[in-house]
Engineer: 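If you scroll down you'll find the structure; I have some questions about it.
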Amino acid sequence: MTTKKTPAPWQVRKIAQAVIAVAVAALGYFGVLSEIQSDQILEKAPQIIAVLLGTIGPAWASAHTNAGSDSTLTAADIPTAPAIAAAVAEHLQGEPGKHAAVPAAPATSVAGYYEGR
């Protein structure tokens with residue numbers, strides 16, 4: 001049986017954002033989104049800004065989308081993570097069944113990942 005490998009949600013978003021940025025830039029370049037004539041530049045300024053923002057926004061988002069984009073962890077969660085992990089491990093050790101024989105793993109921090117270390 002073959003398992004179909006699907007891309008992560010952040011990869012799908014990154015590709016979609018890049019495609020949208022390229023499409024908006026191409027439409028703006030070829031004059032589909034805005035026909036700019038030299039004497040109408042000031043009248044067309046909102047359209048020019050819309051084309052620029054429609055290009056730069058998705059391009060910037062695509063450039064900054066990564067595997068960490070799907071995480072719901074916030075900076076406020078980082079200090080409490082070791083205490084929560086220890087409490088869960090302690091709780092699981094007291095229960096009969098498959099978790100009873102598993103020793104508590106030392107709590108590790110993900111702070112380095114989210115702080116760029």
Side-chain angles (χ1 to χ4, degrees):
M1 181 175 195
T2 305
T3 303
K4 186 176 181 181
K5 187 174 182 179
T6 58
W10 71 268
Q11 292 171 323
V12 173
R13 281 196 313 273
K14 185 170 187 163
I15 292 168
Q17 291 162 348
V19 167
I20 290 169
V22 169
V24 170
L27 291 173
Y29 178 78
F30 292 113
V32 175
L33 293 179
S34 63
E35 294 178 292
I36 301 173
Q37 298 174 355
S38 60
D39 59 342
Q40 296 177 341
I41 289 177
L42 291 177
E43 293 176 15
K44 299 280 186 172
Q47 291 176 353
I48 296 169
I49 292 171
V51 169
L52 290 175
L53 291 178
T55 302
I56 293 170
W60 183 86
S62 175
H64 290 86
T65 298
N66 58 46
S69 299
D70 291 333
S71 174
T72 58
L73 185 67
T74 64
D77 297 331
I78 292 173
T80 61
I84 293 170
V88 168
E90 183 178 328
H91 173 75
L92 291 177
Q93 279 189 334
E95 288 185 2
K98 66 179 183 177
H99 300 293
V102 178
T108 58
S109 175
V110 294
Y113 178 81
Y114 291 99
E115 293 173 356
R117 286 188 258 152

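Index from 1, following the sequence. Quick note: numbers below take in every heavy atom, side chains included, and nothing from hydrogens, waters or symmetry partners.
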Engineer: To which residues is Leu53 joined in a hydrophobic cluster, defined by side-chain heavy-atom contacts under 4.5 Å among Ile, Leu, Val, Met, Phe, Trp and Tyr, whether direct or through other members?
Structural biologist: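 Taking Ile, Leu, Val, Met, Phe, Trp and Tyr as members, Leu53 shares its hydrophobic cluster with Ile49.
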Engineer: Closest approach of Val12 and Pro7, non-hydrogen atoms and distance?
Structural biologist: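 Scanning both residues, the minimum pair turns out to be CG2-CG, 3.8 Å.
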Engineer: Going from CD on Gln11 to CG on Asn66, what distance comes out if it is rounded to the nearest 0.5 angstrom?
Structural biologist: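 Gln11 CD to Asn66 CG: 10.5 Å, rounded to 0.5 Å.
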Engineer: Of all heavy-atom pairs between Pro58 and Ile20, which one has the smallest distance, and what is that distance?
Structural biologist: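 Taking every non-hydrogen atom into account, CG-CG2, 4.0 Å.
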Engineer: Keeping Thr65 on the side-chain end and Ala61 on the backbone end, is there a donor-acceptor pair under 3.5 Å?
Structural biologist: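 Answer holds: yes.
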